[in-house]
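To find a chain, count down the sequence lines: A is the first, B the second, and so on, and within it residues start at 1. No experiment lies behind these values; they were computed from the predicted model shown. What you see below is based on every heavy atom in this structure, not just the backbone, and it leaves out hydrogens, waters and symmetry mates.
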Amino acid sequence: MDFLEELNESQRVAVEHIDGPMMVIAGAGSGKTRVLTYRIAHLLKNGIDSFNILALTFTNKAAREMKERIHKVVGGTEAKNLTMGTFHSVFARILRHNADKLGYPSNFTIYDTQDSKSLLKTIIKEFGLDDKIYKPGIVYARISGAKNNLISPKAYENNTNIIAEDRMSRKPELYRIYKEYAARCFKAGAMDFDDLLYQTNVLLRDSPDVLHYYQHKFQYILVDEYQDTNYSQYIIIKKLAAVYENICVVGDDAQSIYSFRGANVENILNFRKDYPDFKLYKLEQNYRSSNTIVQAANSVIEFNKDRIKKEVWTLNSEGERINVIRCMTDNEEGRVISNRIFQMKQQKGLDFKDFAILYRTNAQSRAFEESLRKLNLPYKIYGGLSFYQRKEIKDLIAYFRLAANPKDEEALKRIINYPKRGIGKTTIDFVTLAARQYDVSIWDVISDFTRYPVNIRVPAQRKITDFVTKIQSYSAQIETAPAYDLAETIASSTGILKDLYDDKSPEGVVRYENIQELLAGIKAFSVQQEENDEVATLSDFLVDVALLTDADHEDEEDNDRISLMTIHASKGLEFPHVFVVGLEENLFPSQLSLTSREDLEEERRLFYVAVTRAKETVALSYAISRFRYGQLVTSEPSRFIEEINPDFLHFENERKQTGGRSMNSYNRPTNQESLQGKIGVAPKRNLVPLNQMKNKGSADKEAIINENLKVGHNVEHGRFGKGKVLSLTGEGQDVKADVFFPSVGKKTLILRFAKLKIIG
DNA sequence: AACAACGGGCTTTTT
DNA sequence: GCCCGTTGTT
């Protein structure tokens, strides 16, 4: 009955905090979710209307689970009116309600990354720019960065720094692309992922009545995973909380792993500035992991400079040491770990679902898939190509999208000739050109050739008109017809179902099944919606679908499987036995992270997240050589292994004492004294001998490079290409160089890590 | 307009 | 090594 008794002292005081700003710094496995859910339950028990509570989570799944748990604690229908979800889904809803104020249709389309890149590519082509220089991915990242920092196209154009950066990276036209991209999205009635936050900001800025409404609706605001919010999200929260200041943020700076997409750890640090009288709660007792795991994780994260002081501890038993497994190849790594899982399962009577294999990049899953399949061990891969990103799924959804919003040009382009209906490239080109000339959407042109004459042959026009008629008939029903019925009608009357059914190749069969699965999903969605109100339409389904990820698409049947996923995907999860694989320099830490301390520290936090997923045992593995880019490359073990206090490690199949290189340090005496003498005091000490060893082979060369490097030198970098040294700072080990690379802009490089060649 | 063959780029991570 | 997109062929 009294849920407060299920909490420890520090959890309880945090839960009992009702009014005023508060921040919870929650170490890994410290019961963060429990505090969040119980605090909401506590608010409700204290008479706060669920209508007035906003809780923002990082994933849809987290929101769903939290809602269920709250429902269990408070019972009844109390939890129904909570506003709970990801930033993107919550504000997408709010935007739909208020779209007119922004000049958007309420059924605006949400462009996913693919749509965005495709549109950018079109624009780059239309501008006659070289898409080797203006790569859609890079352009997208640049625009995304701007939006997440609330820089409008106009502000972008007027920002001399940004313009200078773009010039230096040989992309002076970027501001024009951004402008056009924003205009085209608007014309298409589409928002991309970043727009959902950006336009929310615009809305709250320009519509005082809307701001006022939500400020008073959301009297209590809770934000989970606060360390992974970006500036745009930060401002939304700040504005909404401005009246009541009942804001509760929960996070762990040590688990911030999304800065690459604009997340800003400083939001945590700035919290005290915005709310000087805030209350800080720290959850430091770990309930998840063995003491060995907790201590090992602590010993690694200490290498990071940027962190909030925090002492994670546990009363859990000591547990087993962390196994370090050395393999010759990536395939062997797969075999060894698959066998290990099989053995452990047999010996300890475990389930498959007790195991997880975590890796840095999705590409690594292959070797494990193969070996697990050979041993007949069931597994499930999370991530990779999401269900909703499969071609056949996107195709069918594109029909839904187009029916809901005919101006959605990305959807139109996708399906105008799929299934094949004889509308070819030249025809589409003509129509597109005409649309640009008349300054209307493609749909406007093709739905009214008398008004917008196009120079294409009559048969082509007929085919297009047939297509248009079809879409129009769907459009007529999309707001009213039951979702499942219309979806099925579309799937069959467009010929998609038949097209896939006729394909008897294994892939074709899977595609057909996927479509059936999507239809089943729509059915389930309808049933769920009908519990609340009236008929669910496809239009309703579309509101959700763009923001679904495959974590939201879990098949319930047969859940006893080994989990394979990236470390990013594992955030928030826990498993009894965890294998963190591919611990090699240039893979984990990623090569791309080695140029700056900030990036390297993020990799280290990622490693911290990986290790702290485990309850009972952790094993770390690496391969001496592995296939990458189709080539065999040899690698050294990751620095992260060496950064763990060796007291917590156990090295399997150590290398023989053959006077090799860095691996010798693994044959450490277990005796503490001699350990101290050899390696010095943790954690700082490990670095020095490590680096000396790493540089052994090329020490001379590198020393020369470092000493001779002067401001103004032209240098070459393995990844960034040629560049010019702007300035040098620091001494000894820590010499850093600001180097300007035409390809990527200014980079600060730690010379110790960056292999710079002086040229000319 | 449809299909086959070739070439390039890619591997961080995702709402 | 694979996937995607572009090019060339019919």
Side-chain angles (χ1 to χ4, degrees), chain A residues 56-63 85-92 110-114 116-118 121 125 131-132 135-138 140-141 144 147-148 191-198 225 228-230 232-233 256-263 330 358-367 382-386 388-389 391 417-429 457 459-460 463 507 544-552 565-571 582 586-594 599-600 602-603 605-607 609-610 626-633 719:
Chain A
L56 296 164
T57 59
F58 194 67
T59 62
N60 297 307
K61 197 177 156 204
T86 62
F87 271 88
H88 289 86
S89 69
V90 166
F91 294 114
I110 297 173
Y111 276 177
D112 66 16
T113 312
Q114 259 183 57
S116 298
K117 285 186 188 166
S118 150
K121 201 174 169 187
K125 267 199 189 142
D131 65 357
K132 293 266 159 36
K135 288 182 193 163
I138 291 175
Y140 177 73
S144 174
K147 282 187 185 167
N148 285 329
M191 295 199 196
D192 66 16
F193 283 136
D194 302 314
D195 277 330
L196 296 176
L197 307 173
Y198 179 90
E225 308 283 12
D228 285 326
T229 52
N230 60 35
S232 180
Q233 293 167 321
S256 157
I257 54 174
Y258 281 99
S259 75
F260 69 91
R261 68 176 205 217
D330 46 355
L358 307 181
Y359 35 76
R360 181 64 180 77
T361 64
N362 280 309
Q364 288 166 257
S365 69
R366 175 177 290 269
Y382 294 78
L385 192 56
S386 133
Y388 297 97
Q389 283 174 26
K391 183 188 174 303
N417 197 31
Y418 177 82
K420 303 248 146 68
R421 49 175 71 86
I423 303 173
K425 191 175 174 303
T426 24
T427 311
I428 296 169
D429 283 348
R457 296 173 190 284
K463 287 173 192 161
E507 300 85 19
D544 282 13
V545 78
L547 299 172
L548 292 179
T549 55
D550 70 73
D552 304 308
M565 65 185 86
T566 65
I567 299 162
H568 282 89
S570 77
K571 189 160 103 160
N586 296 333
L587 179 60
F588 191 19
S590 153
Q591 188 164 19
L592 302 178
S593 74
L594 297 181
D599 288 351
L600 181 59
E602 177 144 321
E603 294 285 306
R605 291 193 294 269
L606 195 55
F607 182 65
V609 168
R626 82 167 55 236
F627 269 100
R628 291 179 83 183
Y629 329 102
Q631 279 187 25
L632 200 63
V633 294
R719 185 161 62 94

Original post:
Can you name the residues that form a salt bridge (charged side-chain N to carboxylate O under 4.0 Å, His left out) with A:D194, not counting sequence neighbours?
Top reply: none
Original post:
How many Å lie between CG on A:N148 and P on B:dT14, as a whole number?
Top reply: 17 Å
Original post:
In whole Å, what is the span from the CD1 atom of A:I138 to the C1' atom of B:dC10?
Top reply: 12 Å
Subject >> Out of B:dC10, B:dT15, B:dT13, whichever nucleotide has its closest atom nearest the side chain of A:T361 >> reply: B:dT13
Original post:
So, are A:K147 and A:D195 salt-bridged, with charged N and O less than 4.0 Å apart?
Top reply: yes
Subject >> Sugar-phosphate, base or nothing in reach of A:T113, heavy atoms under 4.0 Å >> reply: base
**OP:** Would you give the length of the straight line joining atom CD1 of A:I567 to atom CZ of A:F588, rounded to the nearest 0.5 angstrom?
**Re:** 3.5 Å
**OP:** Whole angstrom is fine here: how far is it from CG in A:D330 over to P in B:dT11?
**Re:** 18 Å
Original post:
Between A:K135 and B:dG9, does any side-chain N or O lie under 4.0 Å from OP1 or OP2?
Top reply: no
Subject >> Between A:S590 and A:S593, a side-chain donor and acceptor under 3.5 Å >> reply: no
Subject >> Spacing of A:K121 atom NZ relative to B:dG8 atom C1', expressed in whole Å >> reply: 12 Å
Subject >> Closest-nucleotide ordering on DNA chain B, the 5'-leading residue of A:D194 and A:A460 >> reply: A:A460
Original post:
Do the non-hydrogen side-chain atoms of A:F91 and A:L196 ever get within less than 4.5 Å of each other?
Top reply: no
**OP:** With sequence neighbours excluded, tell me which residues meet ring-ring contact (aromatic ring centres under 6.0 Å, His included) with A:F260.
**Re:** A:Y258, A:H568
Original post:
A:K391 near the nucleic acid: base, sugar-phosphate alone, or nothing, with a heavy-atom cut-off under 4.0 Å?
Top reply: nothing
**OP:** Using a 4.0 Å heavy-atom cut-off across all strands, classify A:R605 as base, sugar-phosphate, or nothing.
**Re:** nothing
Original post:
Is there a stack between A:Y629 and B:dT11, judged by ring centres under 5.5 Å and planes under 30°?
Top reply: no
Original post:
Nearest-Å distance, CG (A:D228) to P (B:dT13)?
Top reply: 16 Å
**OP:** Apply the side-chain contact (heavy atoms from CB on, under 4.5 Å) test between A:R628 and each candidate in A:V633, A:D330, A:T361; give the one that qualifies.
**Re:** A:V633
Original post:
Who passes side-chain contact (heavy atoms from CB on, under 4.5 Å) against A:T113, sequence neighbours left out?
Top reply: A:K117, A:Y140, A:F193
Subject >> Under-4.0 Å side-chain N/O to phosphate OP1/OP2 contact, A:T566 with B:dT14 >> reply: yes
Original post:
A:R628 has an atom CZ; how far is it from atom P of B:dT11, in whole Å?
Top reply: 11 Å
Subject >> Nearest-angstrom distance from the residue atom CD of A:Q364 to C1' of B:dT11 >> reply: 10 Å
**OP:** Output the single nucleotide from B:dT15, B:dA1, B:dT14 whose closest atom is nearest the side chain of A:T427.
**Re:** B:dA1
Original post:
How long is the span from the NZ atom in A:K571 to the CD1 atom in A:I257, to the nearest 0.5 Å?
Top reply: 5.0 Å
Polar atom pairs (N or O), protein with nucleotides 2-6 of chain B, under 3.5 Å:
none

Original post:
Counting any heavy atom closer than 4.0 Å, what does A:Y258 reach on the DNA or RNA strands: base, sugar-phosphate only, or nothing?
Top reply: sugar-phosphate
**OP:** Go through DNA chain C in 5' to 3' direction and return only the first and the last nucleotide with some atom under 4.0 Å of chain A's heavy atoms.
**Re:** C:dG1 to C:dT6
Original post:
What does A:K117 touch in the nucleic acid at a heavy-atom separation under 4.0 angstrom: a base, only the sugar-phosphate, or nothing?
Top reply: nothing
Subject >> side chain to side chain donor-acceptor pair (under 3.5 Å) partners of A:R605, counting only residues at least two apart >> reply: A:E602
Original post:
Rounded to whole angstroms, how far apart are CZ on A:R261 and C1' on B:dT13?
Top reply: 9 Å
Original post:
Looking for any heavy atom pair under 4.0 Å, which part of the strands does A:K571 touch: base, sugar-phosphate only, or nothing?
Top reply: nothing
